[in-house]
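Contents: one structure, followed by commentary.
Counting convention: from 1, in listed order, for ligands and their atoms alike. Bear in mind that the values here come from a model prediction, so they are computed numbers and not experimental data. The figures here come from the full heavy-atom set of this structure, side chains too, leaving out hydrogens, waters and symmetry mates.
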Amino acid sequence: MQTKVLLNDKIVEMNQATVSILDRGYQFGDGVYEVIRFYNGEFFELLSHLERFKKSCEEIGIPFHFDLNTLQIDFNNLLKSANFPSGYLYTQITRGTMQRNHLYVHEKNLEPQLVAYTVKEEQRPFENMTNGIKVLLCEDIRWLRCDIKSLNLLGSVMLKNQAASLDAKEAVLHRNGYITEGSATNVFIVKDGKLLTHPANNLILNGITRQVIISIANELDIEVVDEAFTINEFRLAVEAFTSATVSEICPIVKFIENNNEFQIGNGQRGPITEIIQNAYTKKINSESDLFNPNVTRS
Ligand code: PLP
C-alpha cells in the first residue's frame, strides 16, 4: 500500500523517499525510532513519544535539530495525508551519510535523516486483549542500553522469532533471574493486589504505555511497585500482562519454559488487568473525543 512519507521536513510519495546506502542507519543501525498510535484521526500521547525520541537521540549523540512543535505539525500533516483514521506512525532518525567507518566524531558534515510514515491499523487488538497471549520465557540476550529506542533490534528480532516459531506471541525476557521486559513490550504482574514491573533503568525501555498504566493505576489506587521481580514470581503470578503502543495491554495467560507449557493464574484475563484495560480505553476515547472536531461536546 502506498502512503506518503515525511522525509526531513517534506512530505513526498513513498517512491521519492530515498536515502543513501551509506546512511549510517543502513550500515550500523546508527539511529533511533518511535512508534506512535493514532485513533480517530488523533495521535495518542504524541508529546511523550517526541520527548523520548529526542532523549534517545541525545543518548547516542545525534544532534536533535528538530523543533518539537514543528514535528507535531509535520506529523499531523502526514496523518491528514493518510486516508485512514486509525493506525500508527513509524518514525526514525539516523545519524546521516558518510563513508562507512565506525568513527564519526571527526565528521563535520553529517546531516541526520528523519523519515516518517503511517500504517493502517483499523482495529485495536481486541482478540489478544480479551483472550490473552502465550509467551516464551527466555534469556535476555540484548545489550545494556535498552533504555534507548535504538534501531539496533537484532536481539529482539531473534527472540521474537524464536517465540513465534513456538507459536508464542511474545518473548518475555529475564536477566540474572529477574524479568526485564518483552522483546517489544513491557511486562507487569499482579501480586498481592499490587502491580509489579521492572524499574525504568538501562535494562528496559520505559514504555509510554507503561507510564500511562502507572498513572492510571495511581488514579485507581492500585499500588505499583517498580521493583524487579523474579522468574519465579512471574511463574506464580495470579495475573500478568504486556504493554506497548500497538499491541496495547495484553493478558499473558500461558508461557513456555524449557519446551513445557504452563498457565498464568487461571489461564484467563484477570480482573485487575481488565480494570486497567478499561481505564486505558477510556483515556483513548476521551483524548480522541477531545481533539476530534466532529464530536460535539455538551
Ligand atoms: N519495550 C521494548 C523493548 C519495546 O520495543 C517497546 C515498544 O516497541 C516497549 C517496551 C513498549 O513501549 P511503548 O509503550 O512506548 O510502545
Check: Going by the atom numbers of ligand 1, which of them fall below 4.0 Å from some non-hydrogen atom of N186?
Finding: 10 (C), 11 (C)
Check: Side chain, backbone, both or neither: which part of R142 comes within less than 4.0 Å of ligand 1 when only heavy atoms are counted?
Finding: side chain
Note to self: Applying a heavy-atom cut-off of 4.0 Å, say which part of S183 lies close to ligand 1: side chain, backbone, both or neither.
What the structure shows: backbone
Starting from [atom], find the nearest protein heavy-atom neighbour and note its residue, name and distance.
{"atom": "atom 14 (O) of ligand 1", "result": "T209 OG1, 2.6 Å"}
{"atom": "atom 8 (O) of ligand 1", "result": "K149 NZ, 2.8 Å"}
{"atom": "atom 5 (O) of ligand 1", "result": "A184 CA, 3.4 Å"}
{"atom": "atom 2 (C) of ligand 1", "result": "E181 OE1, 3.5 Å"}

Check: Based purely on interatomic distance, does N206 place a nitrogen or oxygen under 3.5 Å from a nitrogen or oxygen of ligand 1?
Finding: no
Checklist line | Salt-bridge contact E59-K54 (side-chain N to carboxylate O under 4.0 Å) | finding: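 Looking at K54 together with E59, the answer is no, because their closest N to O distance does not fall below 4.0 Å.
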Notebook entry, point to check: Does D147 reach the main-chain N or O of N201 with its side chain, forming a donor-acceptor pair under 3.5 Å?
Noted result: no
Margin query: Taking R124's backbone N and O only, do any of them form a donor-acceptor pair with E248's side chain (distance below 3.5 Å, no angle check)?
Written below: no
Next item on the list: Would you tell me which option among I213, D147, T245 has the nearest heavy-atom contact to atom 16 (O) of ligand 1?
Entry: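 Selected option, by shortest heavy-atom distance: T245.
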Item checked: Option nearest atom 10 (C) of ligand 1 (shortest heavy-atom distance, choices V187, T185, V212) -> T185
Checklist line | Output field: ring centroids F53/Y33 closer than 6.0 Å | finding: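 Not under 6.0 Å, so no.
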Notebook entry, point to check: Does R95 make a cation-pi contact with Y104, if we ask for NZ or CZ under 6.0 Å from the ring centre and within 45° of the axis?
Noted result: yes
Notebook entry, point to check: With a cut-off of 6.0 Å (strictly less than), are more than 12 heavy atoms of other residues, nucleotides or ligands near CD of Q263?
Noted result: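 Check passes, neighbour count above 12.
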Check: Side chains of E239 and T273: do they bring a donor and an acceptor to under 3.5 Å?
Finding: yes
